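In what follows, chains are A, B, ... by sequence order, proteins preceding strands, each numbered from 1. Bear in mind the structure is a predicted one, so any value in this text is a computation, not a measurement.
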Amino acid sequence: MTLILEAVVFGILTGGVYALMASGLTLIFGVMRIINVGHGALVILGAYLSFALLRSANIDPFVSLVITMPAMFLIGVVLQVIFIRPLKDDREALSVLVTYAIALGIEGLLGYLFTNNFVQLNAWYETASFAVFGFHIAYVYLFGFGLCLAVLGAIFVLLYRTTFGSAVRATMLNRTAAQLVGVNVDRVSAIAFGIGVSTAAAGGVIFGMTNAFNPGSHYDLISRLLTIIVLGGLGSLRGAVIAAVAMLIIEDVTAVVISPVWASFAFFLLLVIVLVVRPQGLYGIRVRERI
Amino acid sequence: MSSPARVRAVKLGALLIVAVVALLVPVFETDPATVNVAVFTAMYVGLATAWNIMGGYTGYVSLGHAAFFGFGAYAFGLVLAHLGIQAGYEPFLFVPIAGALTVVLALLIGWIALRTRAATFVIVTIAMMFMIQLLAENLVGLTGGGSGLSFPVPPWSGDFFDTPFYYAMLLMAAISLAISWWIRRSKFGLGLLAIRDDEDKALAVGVPAHTYKLTAFVISAGLVGMIGAIYGYYVTYIYPQYAIDPLVGISLVLMVFLGGLGTLWGPVLGAVILEPA
């Protein structure tokens with residue numbers, strides 16, 4: 001029983017990280033109607049940026065976010081302007097191909113710069129732990145969870161309490177109508193992509209501290225993130241957060257109760273079950289448009 | 001000048017020339033490295049054409065076809081192992097069994113995935129692919145897990161080794177093309193194109209959209225599974241990440257987009273341009 005409880009707590013804490021990464025992905029989908037298959041690679045890129053700062057200047061991974069998040073924001077804006085903006089027709093399908101190319105480019109670049117050996121971000125709080133209800137939780141999970149809450153909170157405030165947020169939500173609802181009432185849709189898209197990518201950097205730091213990673217780690221990551229945003233309902237931030245936490249709890253409990261090798265399978269199985277019962281996802285609206 | 005009969009004759013002549021050139025490749029080109037490229041080109045012609053039946057005609061972009069490709073290879077390898085088939089030409093006769101097994105899997109996956117549309121469908125097919133990959137890895141007793149699955153090695157010499165596989169792949173490409181051509185001209189194909197243009201209107205005028213989509217998906221997956229089976233026999237050893245490779249699924253989509261989505265010859269053109277490059 002303690003094991004299951006521990007798995008649930010663990011699931012919530014790691015679920016926060018996935019919620020952070022998935023919210024960037026679902027935001028990008030909502031605003032631009034594109035599937036960013038490169039999101040996993042961008043998370044890994046963020047982790048490597050912090051890794052480089054840690055190795056060369058001995059900057060604490062969490063502190064390095066002050067540098068990497070703005071940097072990743074700029075990278076996101078540049079990627080959006082160069083690769084995503086030119087896509088006019090058939091965005092959903094073409095965006096997959098384009099962003100997959102971005103992912104392969106990042107993977108290749110990281111492989112060249114850092115080799116394919118697994119690395120991990122190290123800090124004192126990664127191994128130090130504290131005891132709750134008789135089991136130990138490493139500080140890194142708690143700090144990571146706090147960071148996720150902070151970043152997610154900032155995104156929610158930005159989207160629901162500012163004029164820019166209204167523009168973003170208007171673009172999500174109806175691109176053409178938003179344009180008609182004076183929203184600069186291209187600018188909103190670029191900034192939203194930048195925000196999505198900078199949350200990937202934040203997610204990458206926590207991912208990099210809790211997992212060993214190499215340039216190829218993004219495949220596993222992106223398949224999970226995509227599953228999460230479909231489960232939550234495409235374009236729904238709330239759905240992504242809830243789905244991420246639910247998925248990770250189920251994965252961790254499966255790992256304890258059945259076997260770790262089936263944990264990821266349970267993850268995907270949940271998607272199948274939800275699709276059978278509710279094809280639009282938890283918070284989604286039924287898609288009535290054509291691809 | 002360009003009467004329909006004349007256009008038809010020119011088209012048939014061009015087709016004949018392409019067919020003759022394709023058939024004669026291993027006769028004139030004996031360098032195994034070149035024939036190897038030809039095998040993969042023929043393979044991708046078949047894969048892209050088969051994918052196009054679903055992705056091109058109905059507009060439902062599946063990025064998970066690598067799952068059927070790998071599943072076909074695994075199913076074939078297991079059938080050969082359990083029936084104790086000797087290496088040589090005989091295994092080729094069992095390729096349709098791998099195709100039939102893939103069809104069963106595709107029915108199941110299609111039934112679930114086709115409850116969604118557009119972007120969600122794309123993502124669900126990706127998730128399904130990773131599920132199949134995980135199964136191949138976790139069902140160690142059946143598939144050998146991470147240590148992979150070996151096929152019987154054909155007793156042919158190095159110079160000749162690629163040739164039977166080239167013709168097998170070419171045959172699969174021709175079958176795919178024939179099916180694609182037939183669908184394009186049939187009422188079924190017309191229904192698929194109507195679904196691509198506007199699924200709700202198609203439903204309104206009486207196109208049985210769900211049955212049509214599932215049929216197209218299953219045909220497409222079955223062909224891909226058979227090609228995967230031949231591929232497995234050709235490379236003689238497969239493991240999960242190699243047989244079910246996301247890159248294969250992406251490459252064939254790229255070829256179809258390059259050549260022309262929803263056309264008969266587009267996928268062929270895309271594959272011939274991209275694969276040897």
Side-chain angles (χ1 to χ4, degrees), chain A residues 25 29-30 33-35 37 89-101 103-104 216 218-220 222-231 233-235 258-281 284 286-291, chain B residues 55-56 58-64 108-109 111-140 145-146 194-203 241 244-247 249-258 261-262:
Chain A
L25 187 58
F29 176 84
R33 301 275 138 189
I34 63 157
I35 303 166
V37 184
D89 313 310
D90 220 350
R91 296 178 79 97
E92 281 155 356
L94 280 177
S95 69
V96 171
L97 300 178
V98 172
T99 52
Y100 193 76
L104 288 181
H218 69 97
Y219 288 105
D220 187 46
I222 192 62
S223 62
R224 282 148 179 264
L225 294 179
L226 290 174
T227 309
I228 287 169
I229 66 166
V230 167
L231 189 73
L234 282 179
I258 303 172
S259 151
V261 294
W262 289 105
S264 306
F265 192 75
F267 195 94
F268 292 121
L269 197 65
L270 185 68
L271 175 75
V272 171
I273 294 167
V274 169
L275 285 180
V276 171
V277 183
R278 201 177 151 80
Q280 67 270 46
R286 261 188 182 279
V287 182
R288 273 278 166 260
E289 73 221 280
R290 290 162 286 130
I291 195 160
Chain B
T58 70
Y60 274 75
V61 173
S62 158
L63 288 180
L108 189 72
I109 290 186
W111 181 73
I112 297 162
L114 285 168
R115 299 171 69 84
T116 62
R117 287 189 187 181
T120 319
F121 178 80
V122 180
I123 297 179
V124 170
T125 55
I126 298 176
M128 295 290 181
M129 175 183 71
F130 282 104
M131 259 179 105
I132 300 295
Q133 200 190 56
L134 270 170
L135 278 180
E137 212 167 308
N138 287 352
L139 298 173
V140 180
I195 291 170
R196 179 184 70 184
D197 291 339
D198 191 327
E199 185 164 346
D200 293 316
K201 285 202 189 87
L203 267 171
Q241 283 78 13
I244 304 161
D245 182 358
L247 205 54
I250 292 273
S251 313
L252 58 93
V253 177
L254 207 59
M255 288 165 185
V256 178
F257 268 85
L258 179 74
L261 193 67

For F257(B), all residues meeting ring pair (Phe, Tyr, Trp, His ring centres under 6.0 Å), sequence neighbours excluded: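 Expected list: none.
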Option among I35(A), L226(A), L234(A) that satisfies the side-chain contact (heavy atoms from CB on, under 4.5 Å) test with T120(B):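 Testing each of I35(A), L226(A), L234(A) against T120(B), the sole residue satisfying side-chain contact (heavy atoms from CB on, under 4.5 Å) is L234(A).
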With a 4.5 angstrom heavy-atom cut-off, which part of [X] approaches chain A: side chain, backbone, both or neither?
{"X": "L134(B)", "answer": "side chain"}
{"X": "M128(B)", "answer": "side chain"}
{"X": "L247(B)", "answer": "both"}

Derivation of the side chain to side chain contact (heavy atoms under 4.5 Å, CB included) call for V272(A) and M131(B): CA-CA 10 Å; V272(A) 171; M131(B) 259 179 105; 3.9 Å; yes
With S251(B) via side-chain hydrogen bond (donor to acceptor under 3.5 Å, both in side chains) - residues at least two apart: none
Is [X] close to chain B through its backbone or its side chain, or both, or neither, when contacts mean heavy atoms under 4.5 Å?
{"X": "I222(A)", "result": "neither"}
{"X": "F265(A)", "result": "both"}
{"X": "F267(A)", "result": "neither"}
{"X": "L275(A)", "result": "both"}
{"X": "L104(A)", "result": "side chain"}

I229(A)/I123(B) under side chain to side chain contact (heavy atoms under 4.5 Å, CB included): CA gap, chis, key distance, verdict: CA-CA 9 Å; I229(A) 66 166; I123(B) 297 179; 4.3 Å; yes
V276(A) side chain reached by W111(B) side chain, heavy atoms, under 4.5 Å: yes
Among the listed options T227(A), L271(A), V96(A), the residue most often paired with chain B at heavy-atom distances under 4.5 Å: V96(A)
Between L94(A), V230(A), L97(A), I34(A), the one whose heavy-atom pairs under 4.5 Å with chain B are most numerous: L97(A)
Contact leader toward chain A among L254(B), L261(B), I126(B), where contacts are heavy-atom pairs under 4.5 Å: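 Option with the greatest count: L254(B).
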Which of V253(B), N138(B), V124(B), I112(B) touches chain A most, by non-hydrogen pairs under 4.5 Å: N138(B)
Atom pair CG/CZ of L135(B) and F268(A) - distance to nearest 0.5 Å: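 It comes to 10.5 Å.
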